[in-house]
Amino acid sequence: MPSHVSVSNISNYVGQDIILKGWVYNRTHKGKLAFLLVRDGSGFVQCVAFKGDLQPETFDRITHLPQESSVIITGSVREDQRAPGIPGGYEVGIKDLQIVQAADLDYPMALKDHGPDFALDHRHLWIRMQSQWAILRVRAVVMAATRQWLDENGFVEMSTPILTPAAAEGTTTLFETEYFDEGKAYLAQTGQLYNEANIFAFGKVYCFGPTFRAEKSKTRRHLTEFWMLEPEIAFCDLDQLMDVEEGLITFIAQTVLEKCAAELKFLGRDAVKLENISAPFPRMSYDDAAKHLIDLYEKETDPERKELLKFEWGMDFGAPHETEITKLYDKPVFVYGYPSAVKAFYMEPWPGRPEVCKSVDLLAPEGYGEICGGSERMSDPEKLLARIHKEGLPEEAYKWYLELRKYGSVAHSGFGMGVERVVAWMCGIEHVREAIPFPRTIKRIYP
RNA sequence: UCCUCGAUAGCUCAAUUGGCGGAGCGAGCGGCUGUUAACCGCUAGGUUGUAGGUUCAAGUCCUACUCGAGGAGCCA
């Protein structure tokens with residue numbers, strides 16, 4: 001008999017005696033029959049005790065076991081369609097139960113819905129609940145699939161610094177800290193500029209880590225600390241960049257479908273929505289998107305809706321605009337060629353149309369919106385310097401960045417993917433705060 | 001920063017026109033051999049976010065504040 005068995009492997013032990021180590025998630029009893037729903041980190045399994053099979057004091061212990069007590073259970077595995085759990089369908093007939101610790105009786109997380117304030121104040125306990133467990137397991141699979149696809153496609157992971165001397169995209173949204181005698185340092189809001197250095201050494205790279213933005217955004221799609229994947233590719237134009245994005249996103253969705261079937265089922269996620277995510281994705285120009293939005297705006301009769309949909313060429317999309325564009329398709333859609341004025345300084349201008357740049361956003365369906373934002377980067381040193389001056393950015397801080405264009409400059413492109421947004425989309429949940437173990441929002445840094 | 005909404009038992013919420021603060025879940029005890037957030041009975045559980053005001057009387061009306069949520073802007 002192995003030292004103990006994981007719930008996730010329990011189907012391999014039908015008819016055998018096993019030892020299970022975990023925590024009591026729920027307990028109920030019905031006279032001479034008691035049910036424990038036990039979680040062990042890898043899953044949730046029902047354990048059943050018959051009074052007649054056990055010492056009277058053992059059965060009494062089981063019926064009085066507080067929720068969240070840690071236990072070691074010896075019992076026999078059987079298949080039973082009635083058995084709840086994740087994945088469910090198997091249960092353990094209890095032969096002996098040892099209490100490691102009887103939990104205090106005041107465990108605050110009842111097995112029901114909680115308000116966001118209470119749930120977030122108890123995030124350290126909330127993550128034990130089935131819904132949160134399922135979401136965070138999907139997150140781990142999304143992150144592993146991301147790395148797997150990139151590694152298998154010739155990308156090299158390069159860690160970019162988190163403490164940085166200057167901003168990539170303006171200075172209003174940076175977290176600031178003292179850095180010894182060097183003045184201010186800032187928490188990175190992107191690793192892109194460093195990745196642009198990395199590609200000249202490694203060709204295809206990515207960084208994958210936390211990103212910090214002091215934006216005072218209070219929406220279901222924003223965190224102040226979130227995880228971002230940023231691939232960057234040498235000798236790559238905008239069309240090739242879109243090929244990379246749709247290849248990666250398709251692989252992530254397929255991997256989640258394959259590895260997280262039980263989690264998605266528990267979350268009630270419609271698998272068809274994820275099966276639809278397959279390359280190629282539609283590619284729409286900003287101009288065409290703008291035409292569609294202006295058309296919708298002009299046809300709208302409800303004054304309130306009309307105000308929300310207000311749009312003219314040159315504007316960036318708001319959430320209602322993104323939703324309208326994604327409604328046209330049942331899979332993610334690329335929108336490319338945004339006005340330069342609404343995008344970052346480093347983006348390559350469209351040939352023959354300087355007011356437009358070679359940028360692309362990937363918009364997810366069902367209202368999840370922008371999950372990737374990328375562009376072809378400006379490769380000409382003179383044009384880049386002119387743009388830095390125009391934006392009023394300190395030239396000295398970008399000296400090294402400009403130098404990259406002096407020694408073998410090539411067309412290159414990259415994008416950023418917000419992990420929590422992708423996870424929220426895969427899981428079909430409302431808010432990105434549940435897609436990260438310990439979310440940081442504008443009003444919350446505890447626990 | 002702006003707009004909207006909210007704060008009542010550990011949790012989720014009720015409380016009629018301003019008129020005796022309730023229920024379900026959770027907790028404890030008891031019952032029941034198939035429960036799925038079980039069910040049934042009993043018990044315990046309250047400075048109604050804070051400060052002030054109006055009133056015979058305030059959970060309810062007024063003022064200020066605190067905290068939170070949704071959205072806008074900005075973004076992944």
Side-chain angles (χ1 to χ4, degrees), chain A residues 25-37 44-53 59 63-64 66-68 80-86 88-89 91 93 103-122 125-126 129-131 168-170 172-173 189-190 192 210-230 266 307-308 310 315-320 322 342-344 361-364 368-374 415-425 430-433 435-436 441-444:
Chain A
Y25 185 69
N26 196 12
R27 180 203 64 189
T28 181
H29 49 96
K30 194 173 166 52
K32 299 189 177 73
L33 183 62
F35 301 97
L36 299 179
L37 190 57
F44 294 72
V45 70
Q46 173 162 278
C47 300
V48 186
F50 283 100
K51 193 170 188 176
D53 294 347
F59 188 78
T63 57
H64 290 83
Q67 184 189 2
E68 290 303 315
D80 192 319
Q81 287 309 307
R82 295 171 297 184
I86 306 176
E91 64 181 23
D104 276 2
L105 295 173
D106 57 357
Y107 184 69
M109 302 301 289
L111 299 180
K112 59 172 199 169
D113 292 333
H114 295 280
D117 193 30
F118 179 86
L120 288 165
D121 276 344
H122 296 83
L125 305 175
W126 189 24
M129 288 186 73
Q130 287 178 318
S131 59
E169 314 173 16
T172 55
T173 60
Q189 51 174 224
T190 173
Q192 180 206 314
T211 295
F212 307 89
R213 298 201 182 164
E215 291 162 358
K216 295 194 171 176
S217 302
K218 282 190 61 178
T219 83
R220 68 187 64 185
R221 299 191 311 279
H222 288 86
L223 298 167
T224 56
E225 177 181 315
F226 65 96
W227 277 61
M228 186 156 69
L229 164 78
E230 294 180 277
F266 177 82
E307 184 58 31
L308 275 175
K310 191 169 185 178
M315 283 170 63
D316 205 354
F317 302 138
E322 283 186 356
V342 300
K343 290 290 178 185
D361 285 353
L362 182 59
L363 309 180
Y368 285 96
E370 185 179 347
I371 49 168
C372 297
F415 68 94
M417 178 188 88
V419 170
E420 291 75 18
R421 288 187 183 178
V422 172
V423 172
W425 171 39
E430 281 289 305
H431 204 300
V432 292
R433 67 186 164 214
I436 186 168
T441 60
I442 180 170
K443 287 286 187 183
R444 188 177 295 279

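FYI, side chains are in, hydrogens and waters are out, and symmetry mates aren't considered; it's all heavy atoms of this structure. All chains are named by letter (A, B, ...) in the order of the sequence lines, taking the proteins before the strands, and each is independently numbered beginning at 1.
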Over all strands shown, is [X] touching base, sugar-phosphate only, or nothing at heavy-atom distances under 4.0 angstrom?
| X | value |
| --- | --- |
| A/Leu223 | base |
| A/Asp117 | sugar-phosphate |
| A/Met417 | nothing |
| A/Ala34 | nothing |
| A/Gln67 | nothing |
| A/Glu430 | nothing |
| A/Phe226 | base |
| A/His122 | nothing |
| A/Gly115 | sugar-phosphate |
| A/Asp316 | sugar-phosphate |

Original post:
Are more than 12 heavy atoms from other residues, nucleotides or ligands located less than 6.0 Å from atom NZ of A/Lys310?
Top reply: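 Open: at most 12 neighbouring heavy atoms sit under 6.0 Å from NZ of A/Lys310.
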Any N/O donor-acceptor pair, [X] side-chain to [N] base, under 3.5 Å:
| X | N | answer |
| --- | --- | --- |
| A/Ser217 | B/rC74 | yes |
| A/Arg444 | B/rC67 | no |
| A/Glu91 | B/rG34 | yes |

Using purine N1 to pyrimidine N3 plus N6-O4 or O6-N4 for Watson-Crick, or N1-O2 and O6-N3 for G-U wobble, both under 3.5 Å, which nucleotide pairs with [N]?
| N | answer |
| --- | --- |
| B/rU17 | none |
| B/rA23 | B/rU12 |
| B/rG46 | none |
| B/rC67 | B/rG6 |
| B/rU60 | none |

Choosing from [options], which nucleotide comes nearest the side chain of [X]?
| X | options | answer |
| --- | --- | --- |
| A/Arg27 | B/rU35, B/rG28, B/rG71 | B/rG28 |
| A/Lys443 | B/rG26, B/rA76, B/rA69 | B/rA69 |
| A/Lys218 | B/rU35, B/rU12, B/rG70 | B/rG70 |
| A/His114 | B/rG70, B/rC11, B/rG34 | B/rC11 |
| A/Pro116 | B/rU35, B/rG28, B/rA69 | B/rA69 |
| A/His64 | B/rG30, B/rG34, B/rA76 | B/rG30 |

Original post:
Looking only at side-chain N and O atoms, does A/Lys30 come under 4.0 Å of OP1 or OP2 in B/rG34?
Top reply: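 Yes, within the criterion.
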**OP:** State whether A/Lys32 and A/Asp53 are salt-bridged, where the test is any N-O pair (Lys NZ or Arg NE/NH1/NH2 against Asp/Glu carboxylate O) under 4.0 Å.
**Re:** no
**OP:** Identify, between A/Ile442 and A/Ala119, the residue whose nearest nucleotide on RNA chain B lies closer to the 5' end.
**Re:**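 Result: A/Ile442.
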